[in-house]
Protein chains: 2
Amino acid sequence: MHSDVVASRSAEHRDSRESRNGGGPQLDAVSLAIIEQLQEDGRRPYAAIGKAVGLSEAAVRQRVQKLLDQGVMQIVAVTDPLTVGFRRQAMVGVHVEGDVESVADALTAMSECEYVVMTAGSFDLMVEIVCEDDDHLLDVINRRIRAVPGVRSTESFVYLKLKKQTYMWGTR
Amino acid sequence: MHSDVVASRSAEHRDSRESRNGGGPQLDAVSLAIIEQLQEDGRRPYAAIGKAVGLSEAAVRQRVQKLLDQGVMQIVAVTDPLTVGFRRQAMVGVHVEGDVESVADALTAMSECEYVVMTAGSFDLMVEIVCEDDDHLLDVINRRIRAVPGVRSTESFVYLKLKKQTYMWGTR
DNA sequence: CGGCAAGACTGCGAAATCCGCAAGTCTCAG
DNA sequence: CTGAGACTTGCGGATTTCGCAGTCTTGCCG
């Protein structure tokens with residue numbers, strides 16, 4: 001029963017993503033497979049996962065726990081912001097003068113900033129904002145964000161319609 | 001034990017987000033509380049959730065199942081793309097001529113497009129791309145995306161560093 | 001007003017799952 | 001050769017999940 005996936009494990013182990021990984025502990029094919037299972041259903045029983053990836057229930061349990069502890073993945077509920085009462089969202093591009101990282105930290109501290117990333121290109125920072133209504137959005141963008149020291153200017157892209165949102169990294 | 005949250009339920013029920021919701025079934029305070037519990041830990045037992053929100057285990061189970069069925073939330077594993085072997089990410093702004101929605105659909109169909117949203121502002125579309133390496137990224141942006149009929153031009157923002165990524169909608 | 005169907009919740013066993021633990025195997029590195 | 005690390009198998013006990021019957025409330029209708 002543990003043929004395919006397990007068989008390829010040792011070979012898979014020392015192949016790639018060893019050098020410039022970005023910091024994460026490298027994952028082998030089995031852990032990837034476990035993650036894929038949990039991306040389909042975060043509550044899937046360990047035994048079922050084990051059957052799917054070719055591992056015992058106990059081994060799956062250990063691995064999942066480790067992945068969780070290491071922060072490689074987390075098992076959470078994700079929702080559509082609209083149905084939870086947040087009616088306005090926007091992506092905001094930020095031009096920064098001076099230290100980009102400190103500005104990023106300041107934005108990260110705001111609960112309305114759902115997503116903060118440093119970028120190369122005409123913006124130094126891109127930030128996703130989730131708000132309850134227009135007033136809230138206006139307040140966050142024009143008052144809070146622009147008040148952060150180092151923010152030279154911003155450009156906003158209000159969301160009209162969310163077309164796709166996946167959590168299937170590695171599943172393809 | 002079921003005082004606070006439950007007591008406010010009927011009052012909470014017909015207050016807001018009734019009119020322009022965007023389509024989702026309105027959520028009462030209890031469902032919100034359940035979601036918050038599962039945002040902290042997607043595998044938290046129903047009994048524990050019930051204790052926290054003031055409901056029986058069976059009731060929580062029903063509500064969670066309904067939320068799942070309705071598509072209001074999903075319980076999944078989320079990972080840091082870096083640790084899963086995707087070393088290049090970018091946000092791409094797209095200028096469209098003609099039907100924006102059809103372009104959006106085309107982009108949605110690409111597995112590398114993790115996130116597709118129609119926006120107001122200088123871009124018609126914003127797309128998040130997740131790739132394995134530079135070649136892959138280049139291919140997706142310059143060949144695949146620009147080949148979509150209706151795409152006039154694009155601007156890319158390569159990710160340098162992801163500072164924040166939350167799934168805590170409603171938890172604040 | 002009485003009846004009644006629908007929806008939401010509780011309580012309760014039975015089945016399944018989770019969890020820790022021990023012993024034995026296998027492989028790799030020193 | 002030896003130790004460390006990862007897996008497997010097996011095993012109980014605690015916990016959780018699950019299905020179902022029964023209760024309560026609400027709104028509808030003759």
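The figures here come from the full heavy-atom set of this structure, side chains too, leaving out hydrogens, waters and symmetry mates. By convention in this document, chain letters (A, B, ...) are assigned in the order of the sequence lines, proteins followed by strands, and residues within each chain are numbered from 1. On a predicted model such as this, the values are computed, not experimentally measured, just so you know.
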All salt bridge (charged side-chain N to carboxylate O under 4.0 Å, His left out) counterparts of B:D99, not counting sequence neighbours: none

Going by ring-ring contact (aromatic ring centres under 6.0 Å, His included), name the pairs with one or both residues in residues 32-82 of chain A, residues two or more places apart or in two chains. none

Report the residues that fulfil salt bridge (charged side-chain N to carboxylate O under 4.0 Å, His left out) with B:K66, sequence neighbours left out, ordered by chain and then residue number. none

Counting the atoms with a prime plus P, OP1 and OP2 as sugar-phosphate, which does A:A59 contact under 4.0 Å by heavy atoms, base, sugar-phosphate, or nothing? sugar-phosphate

B:D28 CG to C:dG7 P, in whole Å, measures 16 Å

Distance check needed: D:dC18 P versus B:L68 CG, whole Å only. 11 Å

Kindly say whether B:T108 contributes a backbone atom to a donor-acceptor pair with the side chain of A:K164 at under 3.5 angstrom? yes

Any donor-acceptor pair under 3.5 Å linking the side-chain atoms of B:D41 with those of B:Q37? no

Who else is in the cluster with B:F123 when I, L, V, M, F, W and Y are joined by side-chain contacts under 4.5 Å? A:M91, A:Y115, A:V117, A:F123, A:M126, A:F157, A:Y159, A:L162, B:M91, B:Y115, B:V117, B:M126, B:F157, B:Y159, B:L162

Under 4.5 Å between side-chain heavy atoms, chaining through other members, with only Ile, Leu, Val, Met, Phe, Trp and Tyr counted: pull out the rest of the cluster around B:V127, sorted by chain and number. A:L160, B:V92, B:V94, B:V96, B:V100, B:V103, B:L107, B:M110, B:V116, B:M118, B:L125, B:I129, B:L137, B:V140, B:I141, B:I145, B:V148, B:V151, B:V158

Residues which pass side chain to side chain contact (heavy atoms under 4.5 Å, CB included) with A:A109, listed by chain and number, not counting sequence neighbours: none

Could you check which of C:dC9, D:dC7, D:dA6 has an atom nearest any side-chain atom of A:K66? D:dA6

What is the distance, rounded to the nearest whole Å, between atom CZ of A:R63 and atom C1' of D:dT8? 13 Å

Collect all protein-nucleotide pairs involving nucleotides 24-27 of chain C in which both atoms are nitrogen or oxygen and the distance is under 3.5 Å.
none

Angle by which the axis turns from one end of the helix from C:dC1-D:dG30 to C:dG30-D:dC1 to the other, five pairs per end, to 10 degrees: 30°

Nucleotide D:dA6, atom P - distance to CD of A:Q70 in whole Å: 10 Å

With sequence neighbours left out, write down each residue that passes side chain to side chain contact (heavy atoms under 4.5 Å, CB included) with B:D134, or none if nothing qualifies. B:R88

For B:S153, which residues count as a side chain to side chain contact (heavy atoms under 4.5 Å, CB included) partner, sequence neighbours excluded? B:H95

Residues pairing under salt bridge (charged side-chain N to carboxylate O under 4.0 Å, His left out) where one sits in residues 145-154 of chain B, two or more places apart or in two chains, turn out to be B:E97-B:R152

Whether each nucleotide of nucleotides 14-22 of chain C has a protein heavy atom under 4.0 Å at its base (B), only at its sugar-phosphate (S) or at neither (-) is summarised, 5' to 3', as ----SBB--

In whole angstroms, how far is the P atom of D:dT9 from the NZ atom of A:K51? 12 Å

Output the rounded distance in Å from CD1 (B:I49) to P (D:dT15). 17 Å

